[in-house]
Every structure is written in C-alpha cells, then in structure tokens.
J.: 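Here it is, the structure in full.
In what follows, chains carry the letters A, B, and so on, assigned in the order in which the sequence lines appear, proteins first and then strands, with residues in each chain numbered from 1.
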Amino acid sequence: MLQVSYIRENREEVLNRLSVRNFKNPELVDQIIKLDDDRRQTQTLLDSIAAEANAAAKKVGELMRQGLKEEAEAIKAKTTSFKEQTRTIGDKLSAIEILLQAELVLLPNLPHHSVPKGIGADDNQVAFEHGVIPQLMAAALPHWELAAKYDIIDFELGNKIAGAGFPVYKGKGAKLQRALINFFLDNAEAAGYREMQPPIVVNEASGFGTGQLPDKEGQMYHITGDNLYLIPTAEVPVTNLYRDVILKAEELPIKNCAYTPCFRREAGSYGAHVRGLNRLHQFDKVEIVQVVHPDHSYEVLENMSNYVQSLLQKLELPYRVLSLCGGDMGFTSAKTYDMEVWCAAQARWLEVSSVSNFETYQTNRLKLRYKSGDGKPQLAHTLNGSALALPRIVASLLENNQDDKGIKIPAALVPYTGFEYIS
RNA sequence: GGAGAGAUGCCUGAGUGGCCGAAAGGAACAGUUUGCUAAACUGUCGUACUGGCAACGGUACCGAGGGUUCGAAUCCCUCUCUCUCCGCCA
C-alpha cells in the first residue's frame, strides 16, 4: 500500500510511474487526494469538538470536588450536544477512512525507474542468459512421461487420495525432493540467511499483511472450522513475523529463509500448459526474505538475484533472467526479476523464481518500521525470492538430463541424493 | 472436549470512575563522577493522526469492537487470544 503523504507530495511522479505499469485507473490518484483532504478536515473538526468536550468534562470534575453542584450541573447540560456532534462527525470520519483505505489498496506499487514500460509478458527484457540449451536424443520424453517411466512421481495416485495437482513422489523421486530442499537450505545458510520453520497455516491478519487478503482470497485454501489459511508461499508467515514491529536500525538487514510446502488453489488455470509438474496445488519451496534499510534495497535485490542464479548454475540448468516490465509485474512489487529455466523436452522456459523488491509497499501494511537513534520510525523495505521452487526444477532436471541410461543427477546434488542416476 | 484465570508502555508490574498517556522497578540511551570488563547520581525513554514556518498545541490509543456516563485503563455486553488444571493424544 502506498503512503498517502507520498501520493500528495508527488502527484505527478506517481501518475508517471503508474503509466509505466499501464495502470488503467489513474483518476484514482486524485480521488485519493480529495478523500484525504476530506479526512483531514473532518479529523480537525472532530478533534476540536473533542477538545471542548474534554475541557468541559474536566471542569465538571473540578466543580464537583469543590462541592459546587449547581454550577457543575449547568455545564453538564451544555455538554450533551457534544455527544451528538462527536457521534455524527466520528461516523463521517470512519466512513471516509474506510473509503480511503478501499481506494488505496487499489493502487499498485510504483515501478522503480529502471523498470521498462510495457503491457505484458512480451515486453519483459531478457537481462541475462546462461548455459547451453541441451540437444536431446530423438526419443526424449517430457517430464511427466519420464516420471512414470522411472516410477518416481505418481500423478494418478495423488488424484486418488487428494486430487489433481497433488502428486505423490516415490522412491528416488521422494529422495530427490528431500535432496533439493536440503541443498537449497544449506546454500541459503551459507549465504547468510537464517533458517526459520514457520507454521504453514496463517490467520487473517497475516493474509492481509502481505496482501493476499482480501482480494486474492480465492487463491488460498481456507480452513473454515478454524478460520486459517494454508500458505501459498513462505513469504506470508516469514514476512508477518515482523508485522507491527519497530526494529532498531542496527538490526537491519534481516535475512531469513524457510522451507515450506506451498498450497495454491490456482482457480481458473487449467489447460495444456499445466501438465505434470508445471503447475501444482501443493509444492515445496525454499524462500528467502530480507528486511532492509531503504538505502540498500536495490543493491540487495541484485544480490538476491545473483544468489538465485548461483543455485541454477550449481544445478547446471540453462536459465535466463527477465527484468519484468511494468505491466507484467506483480501488484505489490517495485521491481522484479524472474528466473526461467529451459525445459528441453517441452522446449519452453519455465519460471522457477521471482525476486522482488517491494520497497515500502508491504511494510506500510505490516507497519514494519525501523528506528535509528532518536529519529522517527521509518518504513523498512522488504524483498523476497524463491530459492527455489522445486517442481519446475525437477521438471527441467528430468527433461534436460535424460539420456539412454536414465536421468543424470548434477554433481552438486549427488552428495544430497546419494545416487548419480535415476534409472 | 470440560473447568478456571488473565490480556496495561521494550520487560516486570501498580492502577476499580475525574488529579492516568498511565506509579514503581528493570532494560536501553545520553551525561556527570569514582582512574577502569563495574557501581553511583542526573536526565531521556510509546505510537498514530492532526494544527502551526517554528516555538508549541490538539486528538486518539491500557487485546478488539460496542454500551453506560458530563467524564472510562477502571463499570456492562460481545468477540479474539493467552495461560493453568482435567480429559484425550503425536
């Protein structure tokens, strides 16, 4: 959520940067400023009436103590009108505040100056490419067929016990999952991230804090009996650890990582491109999250991007880095890099990580601030990224590394799997 | 699941209708002093909104929401959460 004060003071800039996103509703900006004017006026009025009422009440108290009953009663009689007024104006104020809030959450984050203007995925810029596109043998198979051939991932069995999008990993397939999780966690720890193991259900306040609620409610699994949500990403619990927190400046940066299963209903996304591991309702992911001083967040974004790339390099996967254009970025992001790996049998790039700087967009909702010396609390910046999400990594490992003997495990992973081949 | 207790500032904790934005202690920070990995003393020490160039004011917040009252941390109602005991159990 953007700060109203920023919008007021930088109206032109806000409009310019929203246009980078191809934002359809720029008149919202002026509506918000207008509403905030109303809010201020109403607030001032309410405050002055409350001040009068407080003074009168205090006077009554004094008079009572002095035993001047009649004079006290006289003032009491006068104060009754305050009550009515405070109620009316107070109601008006909260109505304005609700409206203002409702409009404010409709404004996406402002893209950073380096974000290219654009409408959709076609306008994203390829910032970097790495690795060699493998040439597969003629009999090469897509990963869902390889998974069946080597009996390592069973989609049918998952259908039976849960439903589509809940695969069962078997034997070396299961062990490969475990190996990847440990590989990612060990690397994150070596890069200075502190491992956290958060709950995989969250309450409503947490869903609001990171922006899943109220609007993206349909994307999360909801446990109605206890009003909890299954997390769509570890970003939600790990970032919410710092909701309503004022940190000391010297506590920054905070670098956390977490492995969790992630649950996504993916309502409405079905079709040819979601076969096999391409899109699941439940998947495993290691997430990295940082809370940083605003002066360093873009430097940190590059670090995080490089870190994610280092993982892909160790896994010897060909990948590219996209600098997302304004129109393709997530609502809450100021700048995002997507990492895509090449899936040789499907012959397509698959997104395996998304690294974003949210600047103050999340922290304004979370009320996550830092304080240096005797200064006022300031909103911190948050960033996060997948490092990494497993299914598509597995998909590309299977497809890219297949040969006539089986699936070759990259050397960096062998200490974790304990085997070199799936055959 | 049954029974009970509780929720106050960074922490502990006092406060049962006006003198309470809130005692006291601790922690933290700044300073003074004693010549030293420490003590003593002094001071500072919540957040948000809002008015003002500023100095300096106003308002709100004692888990959340409502109510009673001229006036609520304090009384009433609802909700949420936490803790203890019993039951069940990994």
Side-chain angles (χ1 to χ4, degrees), chain A residues 1-9 32-104 197-209 213-214 222-229 237 240-252 254 291 360 363-380:
Chain A
M1 199 163 64
L2 298 177
Q3 296 171 87
V4 186
S5 56
Y6 184 87
I7 298 173
R8 295 182 73 98
E9 287 158 26
I32 285 169
I33 293 173
K34 171 84 171 47
L35 264 180
D36 190 53
D37 286 339
D38 281 358
R39 192 195 109 252
R40 286 177 182 222
Q41 263 182 29
T42 313
Q43 174 88 58
T44 309
L45 182 59
L46 182 64
D47 283 357
S48 65
I49 293 167
E52 268 188 82
N54 286 347
K58 197 166 235 175
K59 190 82 185 163
V60 172
E62 278 169 29
L63 292 171
M64 293 293 250
R65 238 171 298 123
Q66 292 164 19
L68 301 169
K69 259 206 162 138
E70 283 167 33
E71 293 169 46
E73 287 301 328
I75 294 175
K76 266 201 212 181
K78 277 197 256 175
T79 54
T80 42
S81 74
F82 288 139
K83 209 174 198 178
E84 182 97 358
Q85 284 185 69
T86 333
R87 179 180 289 274
T88 317
I89 298 166
D91 286 351
K92 187 183 166 198
L93 181 63
S94 38
I96 292 171
E97 279 172 347
I98 288 166
L99 203 57
L100 182 60
Q101 181 77 4
E103 298 209 343
L104 225 36
Q197 219 175 83
I200 59 171
V201 295
V202 293
N203 56 25
E204 273 184 86
S206 302
F208 178 82
L213 295 176
H222 186 200
I223 302 162
T224 51
D226 296 291
N227 197 25
L228 294 169
Y229 295 84
N240 271 282
L241 297 175
Y242 302 94
R243 172 157 44 86
D244 293 321
V245 167
I246 299 175
L247 296 160
K248 292 188 192 117
E250 54 272 23
E251 291 178 85
L252 300 175
I254 287 171
V291 182
T360 60
T363 53
N364 191 29
R365 270 200 179 199
L366 292 161
K367 298 205 193 68
L368 164 50
R369 290 164 291 172
Y370 69 93
K371 196 169 168 179
S372 42
D374 48 0
K376 284 255 129 198
Q378 304 287 327
L379 293 173

J.: Report which part of the nucleic acid A:Lys83 touches: base, sugar-phosphate, or nothing (heavy-atom distance under 4.0 Å, all strands).
T.: base
J.: Ignoring hydrogens and geometry beyond distance, is a side-chain donor-acceptor pair present between A:Asp37 and A:Gln41 at under 3.5 Å?
T.: no
J.: Mind checking who B:G52 pairs with, Watson-Crick or G-U wobble, both distances under 3.5 Å?
T.: none
J.: Are any of A:Lys59's side-chain N or O atoms less than 4.0 Å away from OP1 or OP2 of B:G71?
T.: no
J.: Grab the two heavy atoms, one from A:Leu46 and one from A:Gly90, that are nearest each other, plus how far apart they are.
T.: CD1-N, 3.9 Å
J.: Need to verify one output field. Residue with the more 5' nearest nucleotide on RNA chain B, A:Gly61 or A:Pro377?
T.: A:Gly61
J.: Given atom NZ of A:Lys248 and atom P of B:C45, what is their separation to the nearest angstrom?
T.: 17 Å
J.: Distance check needed: B:C79 P versus A:Asn227 CG, whole Å only.
T.: 15 Å
J.: Which nucleotide in the set B:C70, B:C49, B:U47 lies at the smallest distance from any side-chain heavy atom of A:Lys371?
T.: B:U47
J.: Tell me which nucleotide, if any, is Watson-Crick or G-U wobble paired with B:C45 when both distances must be under 3.5 Å.
T.: none
J.: Rounded to whole Å, please give me the gap between CD in A:Glu62 and P in B:C19.
T.: 10 Å
J.: Specify the separation, in whole Å, of atom CG of A:Asp226 and atom P of B:C79.
T.: 17 Å
J.: Measure the distance from CD on A:Gln43 to C1' on B:U59 and round it to the nearest whole Å.
T.: 7 Å
J.: Could you report the tightest heavy-atom contact between A:Ile96 and A:Leu35, atom names first, then the distance?
T.: CG2-O, 3.7 Å
J.: Name the pairing partner of B:C79, where a pair is Watson-Crick or G-U wobble with both distances under 3.5 Å, or state none.
T.: B:G63
J.: Please determine which of A:Glu9, A:Gln3, A:Arg8 meets the side-chain contact (heavy atoms from CB on, under 4.5 Å) test together with A:Tyr6.
T.: A:Gln3
J.: Could you state the NZ-P distance from A:Lys367 to B:C61, rounded to the nearest angstrom?
T.: 16 Å
J.: What are the two closest non-hydrogen atoms of A:Thr79 and A:Ala56, and how far apart are they?
T.: CG2-CB, 3.4 Å
J.: Closer than 4.0 Å, any side-chain N/O of A:Arg369 to the OP1 or OP2 of B:U47?
T.: no
J.: Please state whether the phosphate of B:G67, meaning OP1 or OP2, lies under 4.0 angstrom from any side-chain nitrogen or oxygen of A:Arg87.
T.: yes
J.: Considering Watson-Crick and G-U wobble pairs with both distances under 3.5 Å, what does B:A22 pair with?
T.: none
J.: I'd like the C1' distance from B:A28 over to B:U82, given in whole Å.
T.: 27 Å
J.: Applying a 3.5 Å limit to both distances, which nucleotide forms a Watson-Crick or G-U wobble pair with B:A90?
T.: none
J.: Find the distance A:Phe82:CZ to B:G58:P and express it as a whole number of Å.
T.: 16 Å
J.: How close do A:Phe82 and A:Ile49 get, heavy atom to heavy atom, and via which atoms?
T.: CD2-CG2, 3.9 Å
J.: Compare the minimum distances between each of B:U59, B:C70, B:G51 and the side chain of A:Asn54, then state the nucleotide with the smallest one.
T.: B:U59
J.: Determine the contact category for A:Ala56: base if any of its heavy atoms lies under 4.0 Å from a base atom, sugar-phosphate if only primed atoms, P, OP1 or OP2 are that close, otherwise nothing.
T.: nothing
J.: In whole angstroms, how far is the P atom of B:C10 from the OH atom of A:Tyr370?
T.: 19 Å
